[in-house]
Amino acid sequence: IRIWPIRWDLPFTSGNKDYTCSSYDNCRVPWGSTHEETWKIVKKTDFVSGMFTWTGFDYLGEPTPYGWPARSSYFGIIDLAGFPKDAFYFYQSEWSDRPVLHIFPHWNWQEGQIIDVWAYTNCQEVELFLNGESQGIKNRTADELHLMWRLSFKPGILMAIGRSNGGEILRKEIKTAGIPVKLALEADRNAIMADGRDLVFVTVKVLDEQGTLVPRADNLVNFK
């Protein structure tokens, strides 16, 4: 577990060169804890009524753990644009009555690179496939808040099948993306009030030729 920063009164000189934090829930502030560590305590302790999460949303200001040019907190469950982070599905897998299956990370890496694939789920078991070949079944237990497979990267399709009581509940796929070739705009509603105040939120996605989201795309998109 990375404690970033170690202390508030010491300059933070560690971290990643690209100002990122991992989605593997392995980074915390000195006054806090990770999502899984905290929830395990609350879940197992009857006299603890709940937990305080800082924060639900990332927010501008108080950049943590990085200073400038970082400009926000990093430990929210939802990012600055309102998109759920991977930790969002961890809480869903523990708190929701609806079936949950979320696998990550994306599947664009270097050939032969060793990648940890995580699944957050409330299914009893998950079987992972890479290009149609089973990578094994992992069973959910009370102490296993995520499931993990360690794979050598090959481009293609990563597919997870969640099962409970012997039946398939959910299926999720992640595909290797090609180069960016097009944009897709998705509105969150079909109509707005013509009052000069109502809003529509539009998600802009950078896609490859097959319509697959390109996870590392950093194209500059202009609007007018």
Side-chain angles (χ1 to χ4, degrees), residues 1-39 51-92 102-120 145-146 148 150-151 153 155 158 174-181 183-186 201-208 212-223:
I1 300 295
R2 298 156 176 82
I3 303 175
W4 289 354
I6 296 295
R7 284 177 17 202
W8 290 118
D9 57 341
L10 296 176
F12 181 60
T13 58
S14 302
N16 300 320
K17 292 181 179 179
D18 60 354
Y19 292 87
T20 56
C21 289
S22 173
S23 286
Y24 291 126
D25 196 25
N26 59 10
C27 181
R28 67 172 178 86
V29 292
W31 50 265
S33 187
T34 65
H35 300 290
E36 289 196 11
E37 284 180 325
T38 308
W39 178 237
M51 58 190 277
F52 187 89
T53 303
W54 190 272
T55 60
F57 282 76
D58 283 342
Y59 59 96
L60 294 174
E62 293 188 315
T64 308
Y66 299 103
W68 178 260
R71 59 198 180 102
S72 75
S73 67
Y74 276 69
F75 300 106
I77 301 168
I78 295 173
D79 71 13
L80 286 173
F83 299 121
K85 298 184 184 183
D86 295 299
F88 176 91
Y89 301 96
F90 160 67
Y91 288 103
Q92 278 205 339
H102 174 73
I103 57 172
F104 65 97
H106 60 75
W107 205 238
N108 274 64
W109 305 95
Q110 298 296 321
E111 188 90 26
Q113 189 175 355
I114 303 302
I115 305 297
D116 288 351
V117 178
W118 279 29
Y120 289 133
L145 299 183
H146 69 268
M148 193 197 85
R150 183 160 289 165
L151 306 183
F153 175 75
L158 200 63
I174 302 176
K175 297 180 180 179
T176 304
I179 62 173
V181 298
L183 299 176
L185 279 70
E186 298 177 357
F201 292 93
V202 180
T203 300
V204 181
K205 296 182 177 181
V206 181
L207 308 177
D208 69 4
T212 301
L213 184 73
V214 183
R216 296 187 183 274
D218 59 358
N219 306 77
L220 183 63
V221 181
N222 295 293
F223 297 88

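As a basis for the values below, the full set of heavy atoms in this structure was taken, side chains included, without hydrogen atoms, waters or symmetry mates.
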Report yes or no: does Asp208 contribute a side-chain atom to a donor-acceptor pair with the main-chain N or O of Ala177 at less than 3.5 Å? no
For this session: Could you check Tyr74 against Trp4 for side-chain contact (heavy atoms from CB on, under 4.5 Å), going step by step and ending with a plain yes or no?
Result: CA-CA 11 Å; Tyr74 276 69; Trp4 289 354; over 6 Å; no
Of all heavy-atom pairs linking Phe12 and Pro5, the shortest is CD1-CA, 3.8 Å
Looking only at the aromatic ring of each residue, does the gap between the centers of Tyr120 and Tyr91 stay below 6.0 angstrom?
no
Smallest heavy-atom separation, Leu80 atom then Leu60 atom, equals CD2-N, 4.0 Å
Intermediate values then yes/no, side-chain contact (heavy atoms from CB on, under 4.5 Å), Glu37 and Arg28
CA-CA 10 Å; Glu37 284 180 325; Arg28 67 172 178 86; 4.3 Å; yes
Residues Ser73 and Thr55: closest non-hydrogen pair is OG-OG1, 4.2 Å
_Please check: side-chain N/O of Asp79 versus main-chain N/O of Gly82, any donor-acceptor pairing under 3.5 Å?_
yes
What verdict does the side-chain contact (heavy atoms from CB on, under 4.5 Å) test give for Phe75 and Trp54, after you've listed the backbone C-alpha separation in whole Å, the side-chain angles of each residue and the deciding distance to 0.1 Å?
CA-CA 7 Å; Phe75 300 106; Trp54 190 272; over 6 Å; no
- Task: Give a yes or no on whether the backbone of Ala119 and the side-chain of Tyr89 come within a donor-acceptor separation of less than 3.5 Å.
- Result: no
Value for OG (Ser14) from CZ (Arg2), rounded to nearest 0.5 Å, stands at 10.5 Å
Quick check: are there more than 12 heavy atoms from other residues, nucleotides or ligands sitting under 6.0 Å from CD1 of Ile179? no
ask   = Side chains of Arg7 and Pro30: closer than 4.5 Å at any heavy-atom pair?
value = no
Here the gap from Thr64 atom OG1 to Asp58 atom CG, rounded to the nearest 0.5 Å, amounts to 10.0 Å
inquiry  = For the CH2 atom on Trp31, are there more than 12 heavy atoms of other groups (residues, nucleotides or ligands in this structure) within a distance under 6.0 Å?
reply    = yes
(Q) Keeping Thr20 on the side-chain end and Asp18 on the backbone end, is there a donor-acceptor pair under 3.5 Å? (A) no
Smallest heavy-atom separation, Ile77 atom then His35 atom, equals CG1-CE1, 3.9 Å
Without swapping roles, check the side chain of Thr176 against the backbone of Trp107 for a donor-acceptor pair under 3.5 Å.
yes
Take a 6.0 Å sphere around NZ of Lys85 and say whether it holds more than 12 heavy atoms from other residues, nucleotides or ligands.
yes
Paired with Asn219, the side-chain contact (heavy atoms from CB on, under 4.5 Å) test is passed by just one of Leu183, Val206, Val214, Val204, namely Val206
To the nearest 0.5 Å, atom CZ of Phe223 lies from atom CG of Leu185 at 6.0 Å
Evaluate the ring planes of Trp118 and His146, with Trp represented by its six-membered ring, and classify them as parallel (under 30°), tilted (30 to 60°) or perpendicular (over 60°).
-> parallel
Answer whether the closest heavy-atom distance between the side chains of Pro105 and Ser23 falls below 4.5 Å.
no
**Asked** So does Gln110 have more than 12 non-hydrogen atoms from other groups sitting under 6.0 Å from CD?
**Response** no
Closest non-hydrogen contact found for Asn108 with Lys175 is OD1-O, 4.1 Å
For Ile3 and Val29: C-alpha separation, side-chain torsions, deciding distance, then whether side-chain contact (heavy atoms from CB on, under 4.5 Å) applies. CA-CA 5 Å; Ile3 303 175; Val29 292; over 6 Å; no
Residue set satisfying ring-ring contact (aromatic ring centres under 6.0 Å, His included) with Phe88, at least two apart, ordered chain then number -> none
Item to complete: Examine distances only and state if a side-chain atom of Trp109 and a backbone atom of His106 form a donor-acceptor pair shorter than 3.5 Å.
Response: yes
Query raised in the report: Sub-3.5 Å donor-acceptor pair from the side chain of Tyr24 to the main-chain atoms of Asp116, do we have one?
Result: yes
Heavy atoms of Leu158 and Ile103 approach each other most closely as O-CD1, 4.2 Å
Separation between CD (Glu36) and CG (Leu145), nearest 0.5 Å, reads 4.5 Å
